[in-house]
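Notes follow the structure.
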Amino acid sequence: MSDARDTSCDPAGASGQPGRVGLASDLLDWYDRHARALPWRIPPLARVAGVKPDPYRVWLSEIMLQQTTVPAVKPYFEKFTTRWPTVSDLAAAEDADVMAAWAGLGYYARARNLLKCARAVASDHGGIFPQSYEGLLSLPGIGPYTAGAVAAIAFDLPATVVDGNVERVMARLHDEHTPLPEAKPILTEMAASLTPQARPGDYAQAVMDLGATVCTPRNPVCGLCPWRRSCAAWDAGTMAELPKKTPKKRKPTRHGIAYLARRIDGAWLLETRPEKGLLGGMLGWPGSEWSDDPQEAPPIRAEWKTVPGEARHTFTHFHLRLTVKTCLVPFDRPPERGTFVEADTFDPEDLPTVMRKAFSLARGG
DNA sequence: GATACGTGGTG
DNA sequence: TCACCAAGTAT
């Protein structure tokens, strides 16, 4: 781990401190000048002046940011913090309201675990988040990354935070060619050995910001990097090919049928999907199974018409081509599955994206 | 360790 | 069009 290059070229090393401290300090200097302003972030100057982050906002942002970009998260973060300003407010919310508010953001298990976690904090911890890595890790939806991030950012504990950005930065800094996920423990050890005791919260955010804005997956901007002089991949010219990753499987294509039934008073036939599995707990159109050759499964007796075209959508591990069928039914006909939702209560924004696409196709948009 | 789990942006 | 990628977790 103690690469000679780490110490040979940095001022702190020359002044007698270990090279790793020099690297952390260089990065914090960079962060003080280049930290992005984000709705959940306390700017470095304010942090140094003693302003503390709200653990609820840190936790909420970190859950939303899992596998999700900053621009996608921003409006959802504003919506959640406006509607539920504290963890106790969130804990008291209805499941359906939270799932509807999360609709469109993806990875819906996050929303289910978000509520479980808020309720655990409210009922088992008096509405206060546990202030330790282990305590945080024990909560639903909080894994090693998020426990470290909240510990560091909210409580300024010297936790090592390893996300995709940090993996990439470490792989390049040390010119590590072992492919992910095999390299994860190695990269984690590298990250741990760099984590400073001073300002761990700012440092955690700084490494991730570096990865997000300078040490990017494609076209890294090495000319602006505070760690360029210490970067082994820069020396070797291998930045563009790191980190190595084991190749992913091709996605198969599945087919399905979505049934959009409208009652004469304008109500729509919807159903809440089972808690487990794909789109678990979300509102959606009744439908067939998604497979090579789906079987008809109309949720109500009616004269169904097939909408021309298909709704196409790609999930994490397969492509979906959805045939959309519509019908109009009388007021007194009971459905075999699902529940009619009054027209003035129904908002397509409450649906996951694939279901919105089916709705758009049916409406001719 | 491998797999399931969303979505939108990008080259 | 298409594969890759993003502040991962649960099983």
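What you see below is based on every heavy atom in this structure, not just the backbone, and it leaves out hydrogens, waters and symmetry mates. Please read these numbers as outputs of a predicted model, since none were measured by experiment.
When distances are taken from the side chain of A:H313 to each of B:dT7, B:dG9, C:dG8, the shortest belongs to B:dT7. For A:K276, counting side-chain heavy atoms from C-beta on, the closest listed nucleotide (C:dT11, C:dC4, C:dG8) is C:dT11. For A:H319, taking side-chain heavy atoms from C-beta onward, the closest of the listed nucleotides B:dA4, C:dA3, C:dG8 is C:dA3.
A:F77 does not carry A:R57 over the face of its six-membered ring by the limits of under 6.0 Å from the centre and within 45° of the normal.
Taking atom P on both nucleotides, B:dG6 is separated from C:dT11 by 14 Å, rounded to a whole Å. Only the P atoms considered, B:dT3 is 16 Å distant from C:dC4, to the nearest whole Å.
Look at A:T314 and you won't find any side-chain N or O under 4.0 angstrom from OP1 or OP2 of B:dG6. In this model, the phosphate group of B:dG6 is not approached by any side-chain N or O of A:T68 to a distance below 4.0 Å at OP1 or OP2. The shortest distance between the side-chain N/O atoms of A:K249 and the OP1/OP2 oxygens of B:dT3 is below 4.0 Å. For A:H317, a side-chain nitrogen or oxygen approaches OP1 or OP2 of B:dC5 to under 4.0 Å. Applying the 4.0 Å criterion to OP1 and OP2 of C:dG8, one finds that A:Q67 has a side-chain N or O inside that range. Listed pair A:R250 / C:dA3 meets the phosphate criterion, a side-chain N or O lying under 4.0 Å from OP1 or OP2. For the pair A:Y108 and B:dT7, the criterion of a side-chain N or O lying under 4.0 Å from OP1 or OP2 is met. In terms of phosphate contacts, A:R168 brings no side-chain nitrogen or oxygen within less than 4.0 Å of OP1 or OP2 of C:dC5. For A:K245 and C:dA6, the shortest distance from a side-chain N or O to OP1 or OP2 is below 4.0 Å.
The residue A:P352 sits close only to the backbone: its heavy atoms come under 4.0 Å of sugar-phosphate atoms, none of a base.
With 3.5 Å as the limit, one finds no donor-acceptor pair spanning the side chains of A:H319 and A:K251.
When each of A:T69 and A:G143 is assigned the nucleotide of DNA chain C with its nearest heavy atom, A:T69 is the one assigned upstream, toward the 5' end. When the nearest nucleotides of DNA chain C are assigned to A:R312 and A:P140 by heavy-atom distance, the more 5′-ward of the two goes with A:R312.
Ring pair A:F346/A:W285: centre-to-centre distance below 6.0 Å.
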Could you give me the CA-CA distance, side-chain angles and deciding distance for A:L180 and A:T246, then say whether side chain to side chain contact (heavy atoms under 4.5 Å, CB included) is met?
CA-CA 6 Å; A:L180 285 166; A:T246 52; over 6 Å; no
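To the nearest 0.5 angstrom, A:M64 atom CE is 8.0 Å from A:R110 atom CZ.
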